[in-house]
Amino acid sequence: QVHLVESGGGLVQTGGSLRLSCTGSGLTFDGYTMAWFRQAPGKEREVVSCVSRSGAATRYGDTVRGRFTISRDNAKNTLYLQMNSLKPEDTAMYYCAAAPNLGSFCYDSQYEYDYWGQGTQVSVSS
């Protein structure tokens, strides 16, 4: 059974930083594209970033590009999201997701992802 567990969320002031982690179990981690999505109250879920199996290819949502960095450590079965220069509009529940993928790219559509974590809350105060 696949489990994805996020951690690292919290309350931070505008301009601050947080580092999210997502640890996977029950899957061959390096066989999966990984991604971070977020959902704010009353809004649709949106992609934050995704990373290919090897970590070589990444994609970012327009609102976070240049501020957030996705990475992964396949030896530790862990996905990361370094979030800098946080803004109040970054406030949301953040989810990690996994999609089986034999290619060297990653998906930015939530519909490609089979497995999801429970989420970790990020709140940015103004």
query: Is Ser123 close to Leu11 at the side-chain level, that is, under 4.5 Å between some pair of heavy atoms?
result: yes
query: Transitively linked via ILVMFWY side-chain contacts under 4.5 Å: Val122 with Val64?
result: yes
- prompt: Going by heavy atoms in the side chains, are Pro88 and Thr14 under 4.5 Å from each other?
  reply: yes
- request: Answer whether the closest heavy-atom distance between the side chains of Pro100 and Asp114 falls below 4.5 Å.
  value: yes
message: In this structure, would Tyr32 and Tyr95 fall into the same cluster of hydrophobic residues linked by side-chain contacts under 4.5 Å?
response: no
- prompt: Can you tell if the side chain of Leu4 reaches within under 4.5 Å of the side chain of Met34, non-hydrogen atoms only?
  reply: yes
message: Do Arg19 and Tyr80 form a cation-pi contact, if we require the NZ or CZ to be under 6.0 Å from the six-membered ring centre and within 45 degrees of the ring's axis?
response: yes
task: Check the pair Asp30, Arg53 against salt bridge (charged side-chain N to carboxylate O under 4.0 Å, His left out), reporting the backbone distance first and the verdict last.
output: CA-CA 5 Å; Asp30 63 4; Arg53 293 185 303 153; over 6 Å; no
message: So Leu18 and Leu86, do their side chains get closer than 4.5 Å, heavy atoms only?
response: yes
message: Distance check, rounded to the nearest 0.5 Å: Phe37 atom CZ versus Cys50 atom SG?
response: 7.5 Å
message: Ring centres under 6.0 Å, that's the criterion: do Phe68 and Trp36 meet it?
response: no
Any side-chain heavy-atom pair of Ser71 and Gln82 under 4.5 Å: no
message: For the CZ atom of Arg45 and the OH atom of Tyr113, what is their distance to the nearest 0.5 Å?
response: 12.5 Å
Member of Asp108, Val47, Thr69 meeting the side-chain contact (heavy atoms from CB on, under 4.5 Å) criterion with Tyr60: Thr69
field: From OG (Ser25) to CD (Gln1), nearest 0.5 Å
entry: 8.5 Å
Glu89 vs Thr63 side-chain heavy atoms within contact, under 4.5 Å: no
task: Check whether Phe29 and Tyr115 end up in the same hydrophobic cluster, where Ile, Leu, Val, Met, Phe, Trp and Tyr are linked by side-chain heavy atoms less than 4.5 Å apart.
output: yes
task: Would you indicate whether the side-chain heavy atoms of Leu27 and His3 approach each other to under 4.5 Å?
output: no
- request: Hey, could you give me the CH2/CD distance between Trp116 and Gln110, rounded to the nearest 0.5 Å?
  value: 5.5 Å
- prompt: Does atom CD of Gln118 have more than 12 heavy-atom neighbours, drawn from other residues, nucleotides or ligands, at distances under 6.0 Å?
  reply: no
query: So if you build clusters from Ile, Leu, Val, Met, Phe, Trp, Tyr with side-chain heavy-atom gaps below 4.5 Å, do Val5 and Leu81 land together?
result: no
